[in-house]
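In what follows, residues are counted from 1 in the order of the sequence shown.
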Amino acid sequence: MDPTRSFFDGQGIQWRVTERLLAHPPHHAPRRCLFFEAAHVIRRVCAYPPNWQSLSDAELERLSWSL
């Protein structure tokens, strides 16, 4: 099972973050990425620290904008 964590951003929106292995990554992209999912949006971040699960909610929110 892929590592997953939930958090609330500064506006009170709940996000689910999942680290996933990409079956067909884009050219020169890492094989693993974080997927940030809220009710009506998904963000993918492929450059993230190995300790992402221990980041604060504010740090995860900032990371989610690292598109």
Side-chain angles (χ1 to χ4, degrees):
M1 185 163 167
D2 295 324
T4 301
R5 178 177 160 198
S6 293
F7 75 98
F8 287 90
D9 69 14
Q11 295 182 348
I13 297 171
Q14 185 173 15
W15 291 85
R16 184 179 63 166
V17 186
T18 306
E19 184 177 12
R20 296 183 189 156
L21 180 65
L22 300 177
H24 304 286
H27 188 62
H28 297 298
R31 293 280 320 209
R32 297 193 75 77
C33 292
L34 292 181
F35 285 78
F36 290 79
E37 299 177 63
H40 299 290
V41 67
I42 297 174
R43 299 177 186 155
R44 181 176 70 186
V45 176
C46 293
Y48 58 93
N51 67 331
W52 68 269
Q53 289 180 297
S54 64
L55 297 177
S56 70
D57 289 358
E59 291 169 321
L60 274 177
E61 182 177 1
R62 281 192 300 276
L63 182 61
S64 77
W65 286 103
S66 302
L67 307 171

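A donor-acceptor contact shorter than 3.5 Å is absent between the side chain of Arg43 and the backbone of Phe36. A donor-acceptor pair is defined here as one N or O able to donate and one able to accept, closer than 3.5 Å; no such pair exists between the side chain of Arg44 and the backbone of Phe35. Side-chain atoms of Gln53 do not come within 3.5 Å of backbone N or O of Pro3 as any donor-acceptor pair.
Between Arg32 and Asp2 the shortest side-chain heavy-atom distance falls below 4.5 Å. Taking 4.5 Å as the limit, some side-chain heavy atom of Arg5 sits within range of a side-chain heavy atom of Trp52. Looking at heavy atoms from C-beta onward, Val17 lies out of side-chain contact with Ser64 at the 4.5 angstrom threshold.
In the hydrophobic cluster analysis, where Ile, Leu, Val, Met, Phe, Trp and Tyr join through side-chain heavy atoms closer than 4.5 angstrom, Phe8 is grouped apart from Val41. Cluster annotation: Leu21 is not connected to Val45 through the hydrophobic network of ILVMFWY side chains, with a link wherever side-chain heavy atoms come within less than 4.5 Å.
The CD atom of Glu59 sits 8.0 Å away from the OG atom of Ser54 when rounded to the nearest 0.5 Å.
In summary, Arg20 and Glu37 engage in a salt bridge, as defined by a charged side-chain N under 4.0 Å from a carboxylate O.
Taking all atoms of both residues into account, the shortest heavy-atom contact from Leu63 to Ala47 is CD1-O, 3.9 Å.
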*asked:* Pair Leu60, Tyr48 - check side-chain contact (heavy atoms from CB on, under 4.5 Å), show working.
replied: CA-CA 10 Å; Leu60 274 177; Tyr48 58 93; over 6 Å; no
